[in-house]
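In the text below, chain A, chain B and the rest are named by the order of the sequence lines, each starting its count at 1. Computation of the quantities below employed the complete heavy-atom set of this structure, encompassing side-chain atoms and omitting hydrogens, waters and symmetry-equivalent molecules.
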Amino acid sequence: MCYHFKQTKTIKDLEKKFKATIDSSETLKPSADINGFKYPKTPIITNLDSSKIQLFNWGLVPDWANEDWKRNYTLNARVETLSEKPAFKNYTENRCIILVDGFYEWQHKGKEKIKFDIGFDNQLFAFAGLYSNNTYTIVTTEAKGIMREIHNTKLRMPFSLKTDDDFKNWLNMEEVNPQYDFTTNQLGFSQPTLF
DNA sequence: CCAGACGTTGTT
DNA sequence: GTCTGG
DNA sequence: CCAGACGTTGTT
DNA sequence: GTCTGG
């Protein structure tokens with residue numbers, strides 16, 4: 001799963017990395033602590049117009065949902081069942097990528113929980129996502145590589161995209177595999193990295 | 001048949 | 001809106 | 001979809 | 001076996 005990530009880069013950095021422009025009327029708030037449970041607006045790119053960076057709210061709300069829709073439960077979407085779930089099946093072609101430079105997971109060690117900052121050397125990358133109206137969900141997949149050590153209870157990780165081809169393939173419904181050669185940074189302890 | 005769900009798996 | 005548990 | 005009913009209508 | 005309430 002993925003409920004906490006960071007997007008600390010500037011508009012200029014985003015535009016350069018993703019070869020897209022952001023509408024100046026939008027207010028981008030770089031943050032090292034983006035919490036899904038607050039349904040924040042964060043930068044994404046949709047397959048409708050990949051030349052534009054837009055700000056959508058995290059937590060997908062289906063068209064038919066009423067006002068008490070629990071967005072907590074649509075922060076993530078399992079890639080294995082996207083086309084089966086009522087909340088997601090209509091949106092499997094509403095592809096988007098979520099622009100980030102890292103995310104957080106807590107490794108369980110006995111009773112302790114150790115926080116990790118995970119990414120690709122703090123460089124911008126993206127999560128695979130789906131959107132409905134102005135909301136999105138982050139697609140998750142089975143944990144691989146180092147994520148199996150860190151997210152050692154649920155064994156899930158965000159479906160991460162790193163290269164221009166990855167971005168394009170996800171948006172165009174082409175085959176794409178998640179990247180998982182993450183760099184990690186243990187927070188709150190002396191040693192900066194593990195493994 | 002229809003009311004109720006529809007989703008994921010948290011650190012605080 | 002569609003699916004499903006009861 | 002499946003567990004559970006599936007019957008009648010007495011007074012003792 | 002078939003119907004139906006939940």
At 4.0 Å (heavy atoms only), tell me whether [X] reaches a base, stays on the sugar-phosphate, or touches nothing.
| X | value |
| --- | --- |
| A/F88 | sugar-phosphate |
| A/A65 | nothing |
| A/R156 | sugar-phosphate |

Should the pair A/W170 and A/F159 be assigned to parallel (<30°), tilted (30 to 60°) or perpendicular (>60°) ring geometry?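 Ring orientation of A/W170 relative to A/F159: tilted.
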Which residues satisfy the salt bridge (charged side-chain N to carboxylate O under 4.0 Å, His left out) test with [X], sequence neighbours excluded?
| X | value |
| --- | --- |
| A/E15 | none |
| A/K144 | none |
| A/K162 | A/D181 |
| A/D166 | none |

For atom [atom1] of [X] and atom [atom2] of [N], their distance in whole Å:
| X | N | atom1 | atom2 | value |
| --- | --- | --- | --- | --- |
| A/F103 | B/dT9 | CZ | C1' | 15 Å |
| A/N72 | B/dC6 | CG | P | 13 Å |
| A/I114 | B/dT12 | CD1 | P | 13 Å |
| A/E112 | B/dT12 | CD | P | 11 Å |
| A/E105 | B/dT12 | CD | P | 14 Å |
| A/H151 | B/dT9 | NE2 | P | 8 Å |
| A/N76 | B/dC6 | CG | C1' | 16 Å |
| A/R71 | B/dC6 | CZ | P | 18 Å |

With A/F103 as reference, evaluate A/F116, A/Y3, A/F5, A/F182 under the ring-ring contact (aromatic ring centres under 6.0 Å, His included) test and give the passing residue. A/F182
Note, DNA chain B 5' to 3' with Watson-Crick or G-U pairs under 3.5 Å encoded as ( ), [ ], | and . gives ||||||......
A/D164 CG to A/L161 CG distance, which is reported to the nearest 0.5 Å: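 One gets 11.0 Å once the value is rounded to the nearest 0.5 Å.
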Mind checking which nucleotides bracket the chain A contacts on DNA chain C, 5' to 3', with an atom under 4.0 Å from a heavy atom?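 Answer, 5' to 3': C/dG1 to C/dC3.
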Short side-chain N/O contact from A/T140 to OP1 or OP2 of B/dT9, under 4.0 Å: yes
Distance below 4.0 Å between A/R78 side-chain N/O and B/dT9 OP1 or OP2: yes
Taking the six-membered ring where the residue is Trp, are the ring centres of A/F56 and A/Y136 under 6.0 Å apart?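 No: the rings miss the under 6.0 Å criterion.
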Among B/dT8, B/dC6, B/dT9, the nucleotide that comes nearest once only the side chain of A/P86 is considered: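 Within the option list, the nearest is B/dC6.
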Suppose you measure atom [atom1] in [N] against the same atom in [M]; what distance do you get, rounded to whole Å?
| N | M | atom1 | value |
| --- | --- | --- | --- |
| B/dA5 | E/dG1 | P | 36 Å |
| D/dA3 | C/dC3 | P | 23 Å |
| E/dG6 | B/dG4 | P | 13 Å |
| D/dG10 | E/dT2 | C1' | 31 Å |

side-chain hydrogen bond (donor to acceptor under 3.5 Å, both in side chains) between A/N47 and A/Y131: does it pass, once the steps are laid out? CA-CA 10 Å; A/N47 58 347; A/Y131 66 92; 3.1 Å; yes
Please determine whether a side-chain nitrogen of the Lys or Arg among A/R156 and A/E80 lies less than 4.0 Å from a carboxylate oxygen of the Asp or Glu.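 Salt bridge between A/R156 and A/E80, a charged N being under 4.0 Å from a carboxylate O: yes.
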